[in-house]
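All ligand and atom numbering here is 1-based and tracks the order in the structure.
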Amino acid sequence: MAVKTQRTRMRTQDSIERQSNFLEVALGYSYDEAIAEARRCIDCKNPRCVLACPVEVNIPLFIKYLLEDALDEAFETIYKDNILPSICGRVCPQESQCEGACILGIKSTPVAIGALERFVGDYGMEKHLADTTVPELKHKKVAVIGSGPAGLANAAGLRKKGYDVTVFEALHKFGGVLQYGIPDFRLPKNIVENEVQNLKTMGVEFVKNAVIGKSLTIDQLFEMGYQSVFIGSGAGLPSGLGIPGENLSGVYFANEFLTRVNLMKSRSFPLSATPVKIGDNVAVVGGGNVAMDAARTAKRLGAKNVFIVYRRDEASLPARLEEIHHAKDEAIDFRLLRNPVEILGENRIVKQVVCEIMALGEPDDSGRRRPVGTGETVTFDIDSIIISIGQKPNPILKDNTFGLKTHSWGGIITDENHMTSIPGVFAGGDVVSGAATVILAMGTGKEAAETMHQYIQNKKT
Ligand SMILES: Cc1cc2nc3c(=O)[nH]c(=O)nc-3n(C[C@H](O)[C@H](O)[C@H](O)COP(=O)(O)OP(=O)(O)OC[C@H]3O[C@@H](n4cnc5c(N)ncnc54)[C@H](O)[C@@H]3O)c2cc1C
């Protein structure tokens with residue numbers, strides 16, 4: 001078979017049909033498609049893709065195994081560094097990581113590493129290949145706060161070192177944003193549940209509805225015999241626009257909106273007791289993955305016109321490229337260089353959003369050109385508006401943990417070993433970095449498992 005210069009396209013659900021269901025949009029590669037794409041890898045001497053992967057998966061090696069039809073070995077190669085391959089294959093921002101560094105991208109399109117990882121990850125899941133063998137328990141207990149990717153990676157790392165691990169989760173389901181934030185049409189929940197099940201099989205204990213800082217404090221965890229604690233509580237507190245009209249009925253924060261749809265299944269109303277009423281015309285403010293998820297979810301709930309309001313231009317949209325393409329295919333309208341300045345209502349219900357027209361000025365600290373107001377405005381009719389302009393850590397834990405140092409924006413301060421200002425308390429993921437990515441959260445959770453192990457070993461008891 002001739003090697004293709006352009007990457008193998010992934011089949012997707014029909015763009016009209018999928019607007020009224022929550023089934024997965026991207027359908028994955030068949031075996032033949034995966035092999036055709038794997039053949040494009042030129043097996044570089046110095047694979048830049050590996051260095052660009054935050055957890056340094058040996059990408060050329062897993063692709064080589066795939067080409068040799070050694071799928072079990074391909075899975076093991078990925079799984080050694082990444083315990084969530086089916087998830088990362090679906091949601092990682094590959095264009096700015098592994099695929100962004102692929103040498104083929106210079107002259108044509110990079111190898112579709114994410115799609116291949118998904119193919120191998122799904123194969124491993126179907127065949128139950130995840131290595132859940134663990135050493136004997138050391139009878140040393142460690143506590144993990146939060147069951148998002150940071151907490152899961154940390155729990156896996158510590159259990160593999162023989163610790164007795166308990167994960168405390170505030171919600172009634174495990175997986176963090178993977179469970180309550182990212183919709184099923186991007187990440188089916190059976191995949192998240194399968195990964196949690198692997199950890200349960202390894203003997204990790206999961207406690208739901210446990211809000212650390214309220215139900216129990218970190219001091220109490222130490223009193224209960226936990227030798228060390230990892231905080232992976234994420235960044236679930238939404239930021240507001242700070243403009244008039246934000247308290248009107250019909251104004252949602254994306255996290256709340258997505259949680260109600262994904263976790264509380266409000267889309268199944270009347271079977272679910274938590275309906276969300278959004279009407280026909282929905283504005284979503286923001287340009288990241290969360291905004292794309294909110295917009296595409298609003299479409300699936302029946303909104304006729306959904307538009308993204310974003311203050312910069314298209315090139316600056318921080319969402320994954322695939323999500324932007326899928327959103328456009330689903331008739332999401334992009335109203336760029338528009339910044340909301342007021343939400344207008346009638347009888348306390350939203351009716352319109354007034355946006356200032358923006359232009360791009362000099363680059364700011366993020367390296368992107370700063371949006372500058374022109375003084376001109378434009379007004380859009382709306383039935384609801386979903387705000388999705390960023391999240392920060394919830395202060396519950398910080399406010400109830402004496403001595404836990406945080407930045408002014410709420411992020412926990414850690415040293416190079418991921419230890420916080422409290423000896424024995426470590427932290428990673430979004431609660432340290434601010435809203436970031438699944439793979440970065442996993443990376444710090446995994447590293448912290450190592451440094452927590454060293455800390456416990458060196459501790460005089
Ligand atoms: C809608 C949405 C879409 C996204 N899309 C992508 C994407 O496509 N690709 C990508 O790479 N990243 C994406 N992200 C970002 C990514 O999901 C996060 O960076 C990642 O989940 C952070 O992992 P974490 O473990 O630090 O926190 P989280 O996933 O937020 O998990 C934290 C967990 O801790 C729990 N918790 C909080 N406080 C407490 C407490 N006091 N006690 C006990 N438990 C507590 C929370 O309930 C939660 O389950 C998206 C985020 C959102 C919101």
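The part of Phe168 lying near ligand 1 is the backbone, judged by heavy-atom distances below 4.0 Å. Contacts with ligand 1 closer than 4.0 Å are made by side-chain heavy atoms of Asp293 only, the backbone lying farther away. Within the 4.0 Å heavy-atom criterion, the part of Arg186 lying near ligand 1 is the side chain and not the backbone. If you look at Ile396 next to ligand 1, there are no close heavy atoms at all, none under 4.0 Å.
Taking the six-membered ring wherever Trp is involved, the centroid distance between the rings of Phe222 and Tyr226 does not fall below 6.0 Å. Tyr310 has its ring centre no less than 6.0 Å from the ring centre of Phe334. Between His418 and Phe230, the ring center distance fails the sub-6.0 Å criterion. If you look at Phe426 and Tyr455, their ring centroids are closer than 6.0 Å.
Closest to atom 11 (O) of ligand 1, if we only count protein heavy atoms, is Val438 N, 3.0 Å. Protein heavy atom at the shortest distance from atom 18 (C) of ligand 1 is Asp430 OD2, 3.2 Å. The protein heavy-atom contact nearest to atom 6 (C) of ligand 1 is Asn289 ND2, 3.6 Å. Given atom 31 (O) of ligand 1, the protein heavy atom at minimum distance is Gly148 CA, 3.4 Å. In this structure, atom 47 (O) of ligand 1 lies nearest to the protein heavy atom Glu169 OE2, 2.7 Å. When only non-hydrogen protein atoms are considered, atom 40 (C) of ligand 1 lies nearest to Ile212 N, 3.7 Å. Atom 51 (C) of ligand 1 has Val177 CG1, 3.4 Å as its closest protein atom, hydrogens excluded (heavy atom only).
The closest side-chain heavy-atom distance from Ile63 to Leu116 is below 4.5 Å. No side-chain heavy atom of Asn339 sits under 4.5 Å from any side-chain heavy atom of Cys355. A 4.5 Å side-chain heavy-atom check between Ile332 and Val284 finds every atom pair outside the cut-off.
Distances below 4.0 Å separate heavy atoms of Val91 from the following atoms of ligand 1: 7 (C), 8 (O), 9 (N), 10 (C), 11 (O). Atoms of ligand 1 found under 4.0 Å from any heavy atom of Ile145 (numbered from 1 in listed order, with element): 40 (C), 42 (N), 43 (C).
Of the candidates Cys88, Ala294, Ala170, it is Ala170 that places a heavy atom closest to atom 45 (C) of ligand 1. Evaluated by nearest non-hydrogen atom to atom 32 (C) of ligand 1, the leading choice among Gly146, Gly181, Gly232 is Gly232. Across Pro149, Pro183, Gly176, Ala235, heavy-atom proximity to atom 24 (P) of ligand 1 is greatest for Pro149. The residue among Ala210, Ser215, Ser233 with a heavy atom at the shortest distance from atom 43 (C) of ligand 1 is Ala210.
Residues satisfying the side-chain contact (heavy atoms from CB on, under 4.5 Å) test with Leu27, not counting sequence neighbours, are Arg11.
Here's the thing with Val431: none of its N/O atoms is less than 3.5 angstrom from an N/O atom of ligand 1. Here's the thing with Ala436: one of its N/O atoms is less than 3.5 angstrom from an N/O atom of ligand 1. Residue Gln391 places no N or O, backbone or side chain, under 3.5 Å from any N or O of ligand 1. The distance criterion of under 3.5 Å between nitrogen or oxygen atoms is not met by Asn255 with respect to ligand 1. Where the criterion is an N or O separation shorter than 3.5 Å, residue side chain and backbone included, Arg320 fails it with respect to ligand 1.
Here the closest non-hydrogen pair linking Tyr29 and Phe119 is O-CD1, 3.4 Å.
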